[in-house]
Amino acid sequence: MKKIENVRNIASNFKFRKGDYLDAERQLLQFAKCYAELKPEEADILRSEFDAKDRLGWFRVASTLFSKEFPDADFSRKDRLCMIFFSMYSFDNLDFGYDGLMDTISISHQMKWNLRIARKHWDQFSRLTGSNAARRNLESKIFFN
């Protein structure tokens, strides 16, 4: 239970300032590392404690961070940005509303050129994604297209 409490506290204290991508990256990376340690059941419990609107907002921050920073990042940072993106995608558990679809399409071409790190982190977080539709939608946009 300590792991889920830790992730809950991190998410409850998210404070994103417009244009401060380094701080957003720091907060989201902390979340991603702790979220990765959860069991699927714990991820479902945690997800149910936050409004879908908030989860989508956090996913939008992660996808904006990814889009802005990924192209010029070194390998190590690309690895962290992929981890952040997939953790927030999994946590949001998108069944693909329009906004989530557009965010995922906008980053998919960058992921396709970095399939090794994308696959590594998707394999880590796909098990925490509660929706089969969300899993299939992401995989079709990045890995099978």
Side-chain angles (χ1 to χ4, degrees), residues 1-40 42-131 134-135 137-143 145:
M1 235 13 187
K2 182 160 176 42
K3 289 179 184 178
I4 195 171
E5 289 172 23
N6 192 25
V7 181
R8 181 184 301 117
N9 288 335
I10 293 167
S12 295
N13 290 303
F14 278 153
K15 294 201 180 12
F16 300 114
R17 291 178 293 281
K18 188 174 183 170
D20 190 350
Y21 297 111
L22 288 177
D23 188 54
E25 183 176 346
R26 180 192 59 76
Q27 291 179 66
L28 291 168
L29 184 60
Q30 181 184 19
F31 173 89
K33 288 178 178 178
C34 294
Y35 182 70
E37 296 177 8
L38 297 180
K39 297 174 183 163
E42 293 172 320
D44 287 339
I45 291 168
L46 184 68
R47 192 178 295 112
S48 72
E49 295 176 2
F50 293 94
D51 288 339
K53 175 184 68 134
D54 291 334
R55 293 192 322 267
L56 178 61
W58 300 331
F59 173 67
R60 300 295 307 267
V61 170
S63 63
T64 299
L65 174 67
F66 185 94
S67 295
K68 290 200 173 285
E69 302 295 323
F70 192 85
D72 298 323
D74 62 21
F75 180 82
S76 177
R77 189 155 187 225
K78 284 182 180 189
D79 188 65
R80 291 190 307 271
L81 291 168
C82 274
M83 181 181 204
I84 289 168
F85 178 83
F86 286 125
S87 71
M88 293 312 298
Y89 179 90
S90 171
F91 184 57
D92 189 28
N93 201 36
L94 290 171
D95 277 329
F96 270 81
Y98 179 76
D99 291 340
L101 178 62
M102 296 313 295
D103 282 349
T104 303
I105 288 172
S106 72
I107 62 89
S108 65
H109 70 282
Q110 294 177 39
M111 291 276 193
K112 288 178 185 181
W113 293 105
N114 295 276
L115 282 178
R116 190 171 63 95
I117 58 175
R119 176 54 72 188
K120 170 183 145 186
H121 291 298
W122 180 237
D123 288 349
Q124 180 179 25
F125 290 107
S126 66
R127 68 182 179 77
L128 299 176
T129 307
S131 166
R135 269 199 240 33
N137 284 326
L138 182 121
E139 289 170 350
S140 71
K141 300 291 180 277
I142 295 174
F143 300 111
N145 207 355

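- Side-chain atoms of Tyr89 come within 3.5 Å of backbone N or O of Ala134 as a donor-acceptor pair.
- A ring-centre distance under 6.0 Å is found for Trp58 and Phe50.
- The distance from atom CG of Asp20 to atom CZ of Arg26, rounded to the nearest 0.5 Å, is 9.0 Å.
- Although no hydrogens or angles enter the test, the distance criterion places a donor-acceptor pair under 3.5 Å between the side chain of Ser87 and the main chain of Ile84.
- Ring pair Phe70/Phe85: centre-to-centre distance not below 6.0 Å.
- Distance check, rounded to the nearest 0.5 Å: CG of Leu56 to NZ of Lys53 gives 10.5 Å.
- A salt bridge is defined here as a Lys NZ or Arg NE, NH1 or NH2 lying under 4.0 Å from an Asp or Glu carboxylate O, and Arg77 with Asp74 fails to meet this definition.
- Contact of the Trp122 side chain with the Thr129 side chain is registered, since non-hydrogen atoms from C-beta on lie closer than 4.5 Å.
- Put simply, the side chain of Asp92 never gets that close to the backbone of Met88: no donor and acceptor are under 3.5 Å apart.
- Heavy atoms only, all atoms of each residue included: Lys78 and Pro71 are closest at NZ-O, 4.1 Å.
- The side-chain heavy atoms of Tyr35 and Ile10, taken from C-beta on, include no pair separated by under 4.5 Å.
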request  = Report the C-alpha separation of Asp79 and Lys120 in whole Å, then their side-chain angles, then the decisive distance to 0.1 Å, and conclude whether the salt bridge (charged side-chain N to carboxylate O under 4.0 Å, His left out) test is met.
outcome  = CA-CA 9 Å; Asp79 188 65; Lys120 170 183 145 186; 2.9 Å; yes

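- Summarising the geometry, atom CG belonging to Leu28 is positioned 10.0 Å from atom CD belonging to Gln30; distances are rounded to the nearest 0.5 Å.
- Arg55 contributes atom CZ, which lies 9.5 Å from atom CG of Leu46 (distance to the nearest 0.5 angstrom).
- Considering only heavy atoms from C-beta on, Leu128 stays 4.5 Å or farther from Phe91 through its side chain.
- For Asp23 and Gln27, the side-chain atoms include at least one donor-acceptor pair closer than 3.5 Å.
- Ser67 contributes atom OG, which lies 10.0 Å from atom CZ of Arg60 (distance to the nearest 0.5 angstrom).
- Defined by atom type and a distance below 3.5 Å, a donor-acceptor pair is present between the side-chain atoms of Ser76 and Arg80.
- The backbone N or O of Phe86 sits nowhere less than 3.5 Å from a side-chain atom of Ser90 that would complete a donor-acceptor pair.
- Expressed to the nearest 0.5 Å, how far SG of Cys34 lies from CG of Leu29 amounts to 9.5 Å.
- Residues Lys3 and Lys39 have side chains not in contact (no heavy-atom distance under 4.5 Å, counting atoms from C-beta outward).
- Of all the heavy atoms in His121 and Cys82, the pair that sits closest is CD2-CB, 3.7 Å.
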